[in-house]
Each structure stands twice: as C-alpha cells, then as structure tokens.
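To keep things clear, I will list the structure first and then write my remarks on it.
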Amino acid sequence: MGINFKMNKAQLYGAAGAAIVFCIDLSLPLGVVIGVLYMFNFLLISRETKKTIVTFAIVVSFLIFLKLAIFYTSQTSWMVIANRCISIAAVIVNAWLVIQRRNLYEKNKQRKRRAGEKILYEKNQLKTFIEYTPVAIAMLDMDMRYISVSKVWKTTYKLEEEHVIGRSHNELFPEITAGYWKAHYQRCLAGEIVRNDEDSFIRSDGSVEWLKWEIRPWYEDQEKIGGLVMFTEIITEQKEVKEELIRAEQSAIAKANFLSTMSHEIRTPMNAVLGFTTILLQNAREDQIEHLKLIKYSGDNLLVLINDILDFSKIEAGKIDFEKVDFNIKELIYNIQGALLEKARNKGILLKVRLDDKLPEMVMGDSVRLGQILTNLASNAVKFTETGKVIISASVVSQSKESNSMNIVFEVNDTGIGIPKDKQEFIFESFTQASSETSRKYGGTGLGLAISKRLIELQGSSIQLDSELGKGSSFSFHLNMGISATYLVTPTYVEANESNQLIVQKTLKGLRILIVDDNKINVLLVKQFFKLWNIESDKAENGLIAVEKVKQKDYDLVLMDLQMPVMDGYDATRAIRKLKGNKYQALPIIALTASAVGDVKADVLKSGMNDYISKPFNPETLFNKIDFYTKSSYPYNTNKGLKKTG
C-alpha cells in the first residue's frame, strides 16, 4: 500500500517536535511536553478504536519512562548516546504511527463515502422501484414524511394532483385515526412487521373504504432503521362481494329451511289424501270408483308438481349429491315402463323397452337420479304422443377394464307432436314449453326437462335432442356407470301387457311394529294398511315415548317420523342404539319423512336408522321394506322367534 505524505497542522507540530528532540538533549519538562504533544497529535489524527489509542499511549509512555530514567541517572557517555537513540526512536515511532493513522483515516473516509454513495444509490433504486411498482406502496422516513410513492398509491388515494414527496403522511390523511395508526407505526419503527388483512377507514367525503395493509421497516444499514414501507390494497369491492355471498348463502339456507318446512307441511296431508284414497279403492262401490280414481290422479299430479319445484330448488342451491351404489339397471328401466304403462294404454299407444344384450344386470351409480331423468323423459313422451309408440332404450357404447366402467347411452323415442326447430333450444329452460298452446292443452310446469338437463350435466354429460314437428322426438344422453361386482339372479320383469305390480304375499301376520308419529292422521293411515296386512302395532307421539316403549316391549320394526316435538326421530334412534343389549342394535328402524330437501338419507343413516320412506308413501314400497327388514334372512334380524304367516 502507498503512504500518503500529505501533511496537516497537527502533523507539522509532530515533525517539528521530532526535529527538536533529534537535535538537542532535552530537559525533563520539554520532553514531557513533547510526549504529551505526540499523544494529542495522534488523537486528533487517528480517530481510531479504543484499542489502537491504548496501544499508542503505552508505547509513548514507555519512551517517556526511559527518558526520565536516563535523566535522573548520572550522565555518562553511553547514557548520552542511549538518550539520543531513544529520542530518535521516539521520533521515528511517532512519525511512522502518525503517517499510518493518517492513511487509515483517509481510507475510512473513502469507505464511508462509498458506503454513503451505495446507500444513496440503493435508496434511489428503491424509490424508482416503488414509483413504478404496480401496487399501492409508499416509503416514509422516521418522521413519517414521504420519500417515495407508487403511481398506484397516488391513484388509489386520489393524490394525482398533490406534491407528495417530503410531506407528512398525517397531513395527507387527516381522516385516519391518529392513535390507532400511531401504535402500528411505533411497532414498525421498533423493527416489527405489522399487517391486517381486513381493515377499514372513513374518507373525508364520509365513504367507508376497506383495505388490507402491511407495514415493515426499511434499514439504512444492518442495524439502523431508516423509516417504514407501507403496502395497501383497497378491498372494498371484494368485501362487498364477500358480504353478498354470505347474504346469498344465508338466504339459500333460509330458503332450504323454508322448502323443508313446506315440503313437510304439504306432503303430510298429501300422504293422507293419497293413502286413504288407495284404501277406499280396495272396497269402493261401483259408483265411487271413478271419483276416487280422479282424486288419486289429481293427488299424484300435485305430488309431481311439488317434487319438480323442490328438485329444481335443490339444483339451484347446489344441494344435489350423486350416489355411487350397486343397482339393477334393467329392473329400474322396466319399473319405469310399468309405472307409465297404464297411462300409455289409456291413450292407446305402445310403451316398449329395448335393452342391449351387452347391458349387465348390475351397475354402479345413482339409481334415483337416473330414474328421475328417464321418468321425466318417458312421461313427457307418453304425454305428447297421441298415436304410435314410445320406446325406452339403453345400450353399451364402450367399456373400460382399466377404470372398471362402461359408457351407456339412454334414449327415449316417441312418435308424438314433435318440437319446432326454432323452439328446441328453449324447451330446456325453466318453466318453458314449446308454446302456450302446448301448456294449455297438456299442462305441466315446464320444469321436467330443465331438471333432467341439469342432472345430466352435473354428471359430466349432456342431453341431445332430435325432433321434427308432427313426426316425433328423440332425447338421448350418455352416462359413465361403474361395473358392479355384485351378482344377483335376474328378476322376473313384467311384460308390456301385464300389471306393474310385483306378485307379493299380502300379509305380514305375526309382526309387531311401533309407529312413532305426532300426526294422528298419519298414524291412522298407517294402521289402516297394517290392518290389511295383519300387522299388530302400537303408537308413540314422540321420540321420548318411543324409547320407553322399545324398552318395555319387543318390536320387529320401528316406523320413525323425523320431525316431532319433545324428541325428534334422529335423537330417538340414537337413544335406542345406545341401550344395552344386541336387540336394540339390530332392531330395524325405518324413517318416515315428509322432507324432500337436503341430504335426508345421509342424516338418516348417520343417526343409526336402516332406511327411509318418503311421504306420501307408496303402500307397495312400505310393504316391501317391512317384509325385507323383518325376514329371518335379513342379516341383522335377531327377532327370529316371530314368524310371519299367511
């Protein structure tokens, strides 16, 4: 390293002192003064660390000590020589140290200047970055005065026309609560990062703004905080959207609860109307049969309307869940045919089923939703066909062993009135039919096709329509169904010219069933059917009474309503399952519910019930479920002492 010989006054004093010591033999006072001058000279020049100053002081003190020792000793020639050598050494040491300290001082000045320039450069870089960054960001000093702001900040807070740099943050935002923000600023200037994902403030015009913000310190060096950086994002619009979603969700919940209540209130009396009509038809006089059939027909139509409206509401609310269970697809299709067969016969048209030979007995999917879709399409086909035929068909398009699934195409063809080309895209809209004349002549809500289309789309497929006015229509769709590993014996299906009722033994004599329902009409109706089937029964007005009766008597089955006072069906079932004894765990409990909204089946099974029947119930369905769950072959039936007879 080169040596800097540039001299200042202090160095000149040191050099002069060195020359005096070198030329003459110093007296004690002058030697002490020169030594002190050397130390003072060094302190002025070096400005170094304490360690360096102490080192230099020790060296000078040692030299002064030697001078004093020689001064108080008899002056011999060798001492005079030693005295002068020490003086020369002191001068050399002083001169060398002064020069080295000066060089270090200059280097320190250069290093600090470069560090300052670097900080200034980085600060300018940061200011430029902040100014053009695409978010609302501001850089402030320790006094909360702006150093730099982004253009987005100025736009967000309407400061485009303001000169911001150098101005106080509190001056530009007087409406902000000073105490609230001051606490955050102090925390940040102490080195903490502060943030809030959802905060609000009131603008000077009275409007409320919502924002998310973060404040973090920025550093001049590794330890010294220079100020803070603020990041903000106005989220007023997102907040409003979020609140709208919350209100919409609450509205949807309220709507679902309303529909559930309405479903219960409507279906309960409908259950009585249709149930007692069915009973009366068993022993009706000749002159009463036509009127009773009209009552039942009207009730069935009203029930279809109720189901359509409730299903449409569930689809709109996104409350539709699809099951993946084993079911007999052929039996399902033949049952749909059987249900519509009488209506087709009355109109003088044929209703046929065509099934592909490759179609298996059992598949995996949602049999209820598939049945709903096919019933809607087939029912419409029968309704709008005056002559000719309606064909329900299903065929396998492809099969994948890797995914253990098959693609099945379902099709409903008719020779009915057809749909004009310009109306075909509208018929799948809610509450829409091809024309007002169609609505007047054939009736209906216009919801069936809309529901079917949406159910198909929710399963990842689409519905296709091919129709010609006056010649008929063809509706088709594809569904991926899982291949079931379950093997069942092929059931005996009804032929197109037979009744749709399966042949069953119309007696369940020997059974004792507990009916749990707070509605006296429902209890009376069920008891009437039980009387026809030779079933003994008891009743309980609520779940609490039901639990006590189950403790006191052995029942083959419990028919449990869900909505009751004191204790509902869910809690009653849980209480029964908690009773000690295997018979309470194995006792079949079937829910009897008038609710069509929400995942009733999941709640029913979760509470410990075995199955459920919807009101208004089909007597045949009720009979079959009782028969199934009380058979000695039912794997969970422990009441094998009671035998059905008949």
Side-chain angles (χ1 to χ4, degrees), residues 134-137 152-153 155-158 173 175-177 179-181 183-184 187 193-216 230-267 306-323 366 368-369 428-431 445 447 450-451 453-460 562-563 568-571 593-607:
V135 295
I137 180 173
V152 177
W153 178 283
T155 302
T156 301
Y157 298 107
K158 302 176 182 178
F173 294 94
E175 66 272 16
I176 294 178
T177 307
Y180 172 76
W181 285 99
H184 294 316
R187 289 169 59 192
I193 297 173
V194 189
R195 64 178 299 160
N196 193 332
D197 289 334
E198 193 173 276
D199 203 352
S200 65
F201 71 96
I202 302 174
R203 289 189 182 272
S204 55
D205 61 1
S207 61
V208 178
E209 290 282 14
W210 288 88
L211 74 161
K212 61 186 294 187
W213 54 264
E214 179 177 304
I215 310 174
R216 56 175 62 226
M230 297 179 65
F231 306 84
T232 68
E233 180 184 354
I234 297 296
I235 58 169
T236 303
E237 187 175 340
Q238 295 95 310
K239 176 73 174 176
E240 290 173 352
V241 170
K242 183 180 178 181
E243 289 177 349
E244 283 292 331
L245 289 174
I246 292 172
R247 284 194 291 269
E249 185 176 349
Q250 291 173 342
S251 176
I253 293 171
K255 181 179 178 182
N257 291 336
F258 171 76
L259 289 173
S260 178
T261 303
M262 289 303 298
S263 171
H264 184 272
E265 295 301 322
I266 294 172
R267 286 171 178 269
I306 294 168
N307 288 339
D308 279 350
I309 293 172
L310 294 175
D311 277 338
F312 184 71
S313 298
K314 284 193 289 183
I315 291 172
E316 272 193 325
K319 300 293 184 182
I320 295 292
D321 293 318
F322 293 94
E323 294 183 321
D366 194 320
V368 174
R369 297 304 173 192
F428 294 104
E429 295 180 3
S430 307
F431 309 104
T445 62
L447 283 175
I451 292 170
K453 178 176 182 288
R454 188 65 181 133
L455 288 174
I456 292 169
E457 289 174 345
L458 288 172
Q459 297 179 82
L562 297 181
Q563 298 183 22
D568 63 26
Y570 298 111
D571 290 337
T593 174
S595 176
V597 178
D599 196 358
V600 174
K601 184 174 182 181
D603 292 339
V604 162
L605 298 177
K606 187 177 179 180
S607 68

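Residue numbers start at 1 and run along the sequence shown. We use all heavy atoms of the structure for the numbers below, so side chains are in, but hydrogens, waters and symmetry mates are not.
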To the nearest 0.5 Å, what is the distance between [atom1] on [X] and [atom2] on [Y]?
{"X": "R195", "Y": "T232", "atom1": "CZ", "atom2": "OG1", "answer": "13.0 Å"}
{"X": "L245", "Y": "Q250", "atom1": "CG", "atom2": "CD", "answer": "11.0 Å"}
{"X": "I456", "Y": "I451", "atom1": "CD1", "atom2": "CD1", "answer": "12.0 Å"}
{"X": "N196", "Y": "H184", "atom1": "CG", "atom2": "NE2", "answer": "7.0 Å"}
{"X": "R247", "Y": "E244", "atom1": "CZ", "atom2": "CD", "answer": "4.0 Å"}
{"X": "D199", "Y": "K239", "atom1": "CG", "atom2": "NZ", "answer": "10.5 Å"}

Q | Candidate pair R216 and F231, rule side-chain contact (heavy atoms from CB on, under 4.5 Å), full reasoning | A | CA-CA 9 Å; R216 56 175 62 226; F231 306 84; 3.8 Å; yes
(Q) So which atom in A136 and which in T156 form the shortest heavy-atom distance, rounded to 0.1 Å? (A)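 Distance-wise, the nearest heavy atoms are CB-OG1, 4.2 Å.
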Q: Check V208 against T236 and note the closest heavy-atom contact, atom names and distance.
A: O-CG2, 4.2 Å
Below 4.5 Å, heavy atoms only, C-beta onward: do [X] and [Y] meet side chain to side chain?
{"X": "Q238", "Y": "K212", "result": "no"}
{"X": "V604", "Y": "L562", "result": "yes"}
{"X": "I193", "Y": "E214", "result": "yes"}

(Q) Just to verify, what does K242 make a side-chain contact (heavy atoms from CB on, under 4.5 Å) with, not counting sequence neighbours? (A)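 With neighbours one apart ignored, the set is E198, I246.
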Q. Can you name the side-chain contact (heavy atoms from CB on, under 4.5 Å) partners of L605, sequence neighbours left out?
A. K601
Q. Taking only residues two or more places apart in sequence, or in another chain, which ones meet Y157 in a ring-ring contact (aromatic ring centres under 6.0 Å, His included)?
A. W153, F173
